[in-house]
Undergrad: 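I'd like to ask some things about the structure below.
Note that the structure is predicted; figures quoted are calculated from it, not measured. Just so we're on the same page: letters track the sequence lines, and every chain starts at 1.
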Amino acid sequence: MPELPEVEVIVRELREKIPGEELSDIQIYWKKTFVSDGYPLPVFNTIHAVNRRGKFIIIRLNQLFLIIHLRMTGKLIVSDTVPVDRKHLQVQFLFKSGKALLFYDPRKFGRIYLTPDPEEFFSNLGVDAIDPQFSKHDFTRMLSRKKGSIKPFLLDQHHLAGLGNIYVDESLFRARIHPETSIRALSVHESSQLYQAIRKTLNGAIAHMGTTLADYRTPDGNSGRHQNFLKVYDREHETCFRCKSVIVKKRVGGRGTHFCPGCQPLKK
DNA sequence: CTAATCACCTGAAGGC
DNA sequence: TGCCTTCAGGTGATTA
């Protein structure tokens with residue numbers, strides 16, 4: 001479910017709520033969710049900071065870091081009390097203050113990793129898609145070394161980290177590029193448009209607090225609003241706001257892909 | 001290297 | 001109402 005914008009909104013909210021909290025207990029209800037890698041459970045540690053890289057949430061403790069990936073249906077909730085709703089609760093962190101950080105995940109794909117070394121943990125992860133250090137030139141250079149279709153490339157977190165199925169489709173629409181366009185066929189101008197489109201799309205979604213299609217909620221339990229601003233994703237058979245063509249959905253790289261055949265013609 | 005498929009899980013939605 | 005199939009915001013492993 002959550003892509004970079006949703007994770008960013010979650011991180012901002014967590015940052016308001018949990019730094020300074022001291023862990024008093026950790027309960028793991030679904031073993032595979034919590035990957036301790038042999039390190040002791042960080043009970044009695046303090047939460048020092050909350051950050052993000054791509055779709056990962058990074059929580060700094062005393063010596064170790066909790067690194068969380070929500071995958072499809074993971075949800076973090078900050079509660080003032082021990083949980084009332086325990087359905088799909090996979091991991092529970094209790095604090096000395098009485099508050100709790102709860103990890104819910106119906107599909108159980110999400111993971112919480114424990115590591116002393118985030119740099120090492122992220123050694124194969126691409127650059128964050130809205131990292132200010134990541135330039136248009138870096139992007140075109142990255143593209144020049146690759147072939148294949150543009151959409152699978154954008155989804156691959158080893159290159160750019162943070163885009164998922166919704167925002168790839170939205171970014172390609174904004175840049176007027178067909179998702180099956182071969183990377184080698186992209187002009188310098190198109191690459192540049194795509195770079196801008198990705199940033200505008202992600203930052204716009206953050207401003208709307210993310211996209212809630214079904215499960216996504218912030219740690220306060222709030223929905224996002226960006227679902228009301230989607231241009232192609234989840235709009236199959238509807239009319240393009242820009243050219244009035246009918247939005248198409250087809251499989252590209254194994255993923256349901258939405259685009260406007262009028263605005264995004266395939267040039268190959 | 002790229003592409004396709006499966007695996008991991010559950011729930012919602014659509015067809016009959 | 002119920003059964004069956006398909007699909008879902010993700011990603012890693014395996015196999016052509």
Undergrad: Could you say whether A:Arg111 or A:His159 is positioned toward the 5' end of DNA chain B, judged by the nucleotide with the nearest heavy atom to each?
TA: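 Result of the comparison: A:His159.
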
Undergrad: For nucleotides B:dT5 and C:dT6, find the distance between their P atoms and express it as a whole number of Å.
TA: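 Those two atoms are separated by 14 Å.
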
Undergrad: Looking across every strand, which nucleic acid part, if any, lies under 4.0 Å from A:Thr73 by heavy atom: base, sugar-phosphate, or nothing?
TA: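 Here A:Thr73 touches no strand at all.
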
Undergrad: Looking only at the aromatic ring of each residue, does the gap between the centers of A:Phe122 and A:Phe56 stay below 6.0 angstrom?
TA: yes

Undergrad: Just the rounded figure in Å: distance from C1' of C:dG12 to NZ of A:Lys55.
TA: 13 Å

Undergrad: Just checking A:Asp215: base, sugar-phosphate only, or nothing, at a heavy-atom cut-off of under 4.0 Å?
TA: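 It contacts base atoms.
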
Undergrad: What's the gap between B:dC6 and C:dC7 when it is taken at their P atoms, as a whole Å value?
TA: 13 Å

Undergrad: At under 4.0 Å between heavy atoms, what does A:Gly164 touch on the DNA or RNA strands: base, sugar-phosphate, or nothing?
TA: sugar-phosphate

Undergrad: Looking at every strand, decide which applies to A:Ile166 at a 4.0 Å heavy-atom threshold: base, sugar-phosphate, or nothing.
TA: sugar-phosphate

Undergrad: With a cut-off of less than 4.0 Å, is there a side-chain N or O of A:His88 near OP1 or OP2 of B:dC9?
TA: no

Undergrad: Whole angstrom is fine here: how far is it from NE2 in A:His226 over to C1' in C:dG9?
TA: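 For the pair A:His226 NE2 and C:dG9 C1', the rounded distance is 13 Å.
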
Undergrad: Side-chain N or O of A:His69 less than 4.0 angstrom from OP1 or OP2 on C:dT11?
TA: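 Indeed, a polar side-chain atom of A:His69 lies that close.
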
Undergrad: Which comes earlier along DNA chain B counting from the 5' end, the contact point of A:Lys147 or that of A:Phe109, where each point is its nearest nucleotide?
TA: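 Going by which nucleotide is closer to the 5' end, it is A:Lys147.
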
Undergrad: Nearest-Å distance, CG (A:Leu155) to P (C:dG12)?
TA: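 Distance, rounded to whole Å: 13 Å.
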
Undergrad: Given atom CG of A:Leu163 and atom P of C:dT11, what is their separation to the nearest angstrom?
TA: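 It is 10 Å, rounded to the nearest whole Å.
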
Undergrad: Taking OP1 and OP2 of B:dC1, is either one under 4.0 Å from a side-chain nitrogen or oxygen of A:Lys146?
TA: no

Undergrad: Atom CG of A:Leu4 to atom P of C:dT11: distance rounded to whole Å?
TA: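 Answer to the nearest Å: 11 Å.
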
Undergrad: Quick check on B:dA7: is either OP1 or OP2 less than 4.0 Å from any side-chain nitrogen or oxygen of A:Arg107?
TA: no

Undergrad: Under 4.0 Å between a side-chain N/O of A:Gln157 and OP1 or OP2 of C:dT11, yes or no?
TA: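 It does, given that an N or O in the side chain of A:Gln157 lies less than 4.0 Å from OP1 or OP2 of C:dT11.
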
Undergrad: Please check if the number of heavy atoms outside A:Arg184 that lie under 6.0 Å from its CZ is greater than 12.
TA: no

Undergrad: Quick one: is B:dC1 close enough that its OP1 or OP2 comes under 4.0 Å of any side-chain N or O from A:Arg145?
TA: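 Checking B:dC1 against A:Arg145, no side-chain N or O comes under 4.0 Å of OP1 or OP2.
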
Undergrad: Both distances under 3.5 Å, Watson-Crick or G-U wobble: report the partner of C:dG9, or none.
TA: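 Answer to the pairing question: none, since C:dG9 forms no Watson-Crick or G-U pair.
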
Undergrad: Consider side-chain contact (heavy atoms from CB on, under 4.5 Å). Of A:Leu163, A:Leu160, A:Val168, which one does A:Leu155 pass it with?
TA: A:Val168

Undergrad: How about A:Tyr104 and A:His88: are their ring centroids closer than 6.0 Å?
TA: no

Undergrad: Is there a side-chain contact between A:Lys249 and the phosphate of C:dC7, meaning an N or O under 4.0 Å from OP1 or OP2?
TA: no

Undergrad: Determine the contact category for A:Tyr167: base if any of its heavy atoms lies under 4.0 Å from a base atom, sugar-phosphate if only primed atoms, P, OP1 or OP2 are that close, otherwise nothing.
TA: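 Here A:Tyr167 touches no strand at all.
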
Undergrad: Would you mind pulling out the nucleotide paired to B:dC9, Watson-Crick or G-U wobble, both distances under 3.5 Å?
TA: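 Partner of B:dC9: none.
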
